[in-house]
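Accompanying notes for the structure given below.
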Amino acid sequence: YDHALEDYDEAIRLNPKSVAAFNNRGLTYDAKQNSDRAFADYSEALKLNPKYFHAYNNRGLILHARREYDQAISDFTAALHNNPQYKFAYNNRGLSFHAKGQYDQKISDYDDALRIDPAYAKTYSNSGRARIAKRQYDRAFADLNEALRLEPNHVNALQNRARAYRATGDVGRAIADYQRILELPAPLPLDRQRQETAREQIAQMRMPPRPAEAALPRRVALVIGNAAYQHAGVLSNPRNDAREVAGVFRRLGFDEVIE
């Protein structure tokens with residue numbers, strides 16, 4: 001990476017208005033995990049060419065990593081405004097929508113990415129993850145199976161399908177998918193982290209439930225935000241109050257919370 005940075009520095013010295021050089025140097029800084037310098041280079045590229053969709057997408061990824069999801073969505077949207085066929089921006093904007101809990105918007109973006117490239121395994125995996133969040137397990141399995149048909153060693157797809165199997169009670173197949181992850185090469189720290197997660201999940205699923213836990217009944221909470229009472233004034237914000245109460249039940253581990 002250092003030699004590449006030297007080359008891009010020289011290219012920028014020779015041509016300070018080279019949009020591609022700034023963008024590519026930003027990618028190199030990204031690879032070195034120097035997101036501040038990468039962000040600055042992407043921003044400079046966009047000053048030189050406000051229609052350069054690659055830089056919007058790359059800067060959006062940094063914003064997403066910083067959990068600045070609204071700003072990330074804005075950059076991905078700008079990329080799509082300048083190139084409506086840019087599948088990567090659809091996929092990445094979907095990730096930011098997922099982080100905000102906006103699953104319908106996420107699925108819509110993944111559908112658009114797959115319309116552009118029906119063989120985009122990464123998007124099938126992400127779409128499957130969104131379907132799991134909405135408990136649409138049949139659709140989730142369809143997306144994840146397609147991702148793995150296209151790329152049999154796609155780790156995210158294996159992780160997501162294992163989660164879907166576990167959520168639907170098929171512990172044996174969930175363990176099998178996690179075992180496949182352990183059999184894959186793990187040259188990068190992220191790969192090793194995923195394998196450690198797989199080991200933890202397998203250990204949890206193989207652990208027999210304690211008798212007290214096995215006897216616990218299913219806990220369901222119904223939360224109703226009522227604004228009108230017979231002997232009191234109209235409440236001003238019942239919907240948000242109900243959401244806060246529902247969030248408390250979810251954090252307490254209730255099996256289902258109905259709003």
Side-chain angles (χ1 to χ4, degrees), residues 64 69 73 76 87-186 188 190-209 213-214 216 218-220 246 250 253-259:
H64 178 88
Y69 301 123
I73 289 169
F76 295 136
K87 66 179 183 181
F88 302 108
Y90 280 117
N91 180 76
N92 295 333
R93 190 172 68 175
L95 291 173
S96 293
F97 279 133
H98 183 97
K100 288 170 60 67
Q102 296 175 310
Y103 302 122
D104 290 335
Q105 293 93 323
K106 171 180 180 172
I107 289 171
S108 176
D109 271 356
Y110 291 153
D111 287 344
D112 282 330
L114 292 171
R115 172 182 52 79
I116 296 167
D117 183 0
Y120 194 15
K122 184 176 183 179
T123 298
Y124 278 113
S125 176
N126 291 335
S127 180
R129 182 183 174 203
R131 303 288 184 186
I132 293 170
K134 291 177 68 67
R135 299 185 181 182
Q136 298 174 351
Y137 295 113
D138 289 342
R139 293 290 303 276
F141 283 123
D143 284 343
L144 296 168
N145 289 339
E146 181 63 13
L148 290 165
R149 185 190 70 81
L150 293 165
E151 293 186 23
N153 293 332
H154 197 292
V155 176
N156 281 342
L158 287 168
Q159 281 183 324
N160 291 330
R161 193 172 68 175
R163 294 185 186 114
Y165 279 136
R166 188 175 185 183
T168 54
D170 196 337
V171 173
R173 288 185 176 179
I175 290 175
D177 274 352
Y178 282 125
Q179 288 282 14
R180 281 182 61 186
I181 293 173
L182 295 178
E183 295 166 2
L184 296 175
L188 301 176
L190 179 59
D191 298 321
R192 294 189 285 275
Q193 180 182 339
R194 288 167 173 166
Q195 289 192 340
E196 184 59 31
T197 298
R199 290 189 188 92
E200 292 172 357
Q201 292 297 319
I202 290 171
Q204 289 178 14
M205 285 184 282
R206 285 178 172 168
M207 186 181 300
E213 291 178 342
L216 285 176
R218 179 176 171 80
R219 297 190 297 171
V220 179
R250 290 191 178 96
F254 272 64
D255 298 288
E256 185 175 1
V257 180
I258 305 169
E259 299 181 55

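Index from 1, following the sequence.
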Should we count [atom1] of [X] as having more than 12 external heavy atoms under 6.0 Å?
X      : atom1 : value
Arg199 : CZ    : yes
Arg135 : CZ    : no
Arg180 : CZ    : yes

Exercise. Any chance you could lay out the side-chain contact (heavy atoms from CB on, under 4.5 Å) test for Met207 and Gln204, step after step, and finish with the verdict?
Key: CA-CA 5 Å; Met207 186 181 300; Gln204 289 178 14; 5.8 Å; no
Exercise. Starting from the C-alpha separation in whole Å, work towards a yes-or-no answer on side-chain contact (heavy atoms from CB on, under 4.5 Å) for Tyr124 and Arg149.
Key: CA-CA 10 Å; Tyr124 278 113; Arg149 185 190 70 81; over 6 Å; no
If I compare all heavy atoms of [X] with all of [Y], which pair ends up nearest, and what's the gap?
X      : Y      : result
His154 : Leu148 : O-CD2, 3.7 Å
Leu158 : Pro152 : CD1-O, 4.4 Å
Ile73  : Ser96  : CG1-CB, 3.5 Å
Ala113 : Asn91  : CB-N, 4.3 Å
Lys106 : Arg129 : NZ-CD, 4.1 Å
Ala186 : Asp191 : CA-CB, 3.5 Å

Quiz item: So which of Phe76, Tyr69, Tyr110 actually passes side chain to side chain contact (heavy atoms under 4.5 Å, CB included) with Leu95?
Solution: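 So the option named by the test is Tyr110.
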Practice problem: Verify side-chain contact (heavy atoms from CB on, under 4.5 Å) between Gln193 and Leu190, making sure each step is shown before the conclusion. | Solution: CA-CA 5 Å; Gln193 180 182 339; Leu190 179 59; 4.2 Å; yes
Could you grab the distance from atom [atom1] of [X] to atom [atom2] of [Y], nearest 0.5 Å is fine?
X      : Y      : atom1 : atom2 : result
Lys134 : Ile107 : NZ    : CD1   : 5.5 Å
Gln195 : Leu182 : CD    : CG    : 5.5 Å
Arg161 : Asp143 : CZ    : CG    : 12.5 Å
Thr168 : Tyr137 : OG1   : OH    : 7.5 Å
Glu183 : Asn153 : CD    : CG    : 9.5 Å
Tyr120 : Glu146 : OH    : CD    : 15.0 Å

Self-check item: Modelled atom types, side-chain donor and acceptor of Ser125 and Asn156, under 3.5 Å
Solution: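 There is no such pair (donor and acceptor under 3.5 Å, judged by atom type) between the side chains of Ser125 and Asn156.
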Quiz item: Who passes side chain to side chain donor-acceptor pair (under 3.5 Å) against Gln136, sequence neighbours left out?
Solution: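 With sequence neighbours excluded, Gln136 shows a side chain to side chain donor-acceptor pair (under 3.5 Å) to Arg131, given in chain and number order.
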Quiz item: Taking the six-membered ring for Trp, are Phe141 and Tyr165 ring centroids under 6.0 Å apart?
Solution: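 Close enough - the centres of the two rings lie under 6.0 Å apart.
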Quiz item: Is a donor on one side and an acceptor on the other found under 3.5 Å between the side chain of Gln201 and the backbone of Ile175?
Solution: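 Side chain of Gln201 to backbone of Ile175, a donor-acceptor pair under 3.5 Å: no, none is there.
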Quiz item: Applying salt bridge (Lys or Arg N to Asp or Glu O under 4.0 Å), which residue pairs with at least one partner in residues 87-100 are found, sequence neighbours left out?
Solution: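 Listed by first then second residue: Asp70-Lys100, Lys87-Asp117, Arg93-Asp109.
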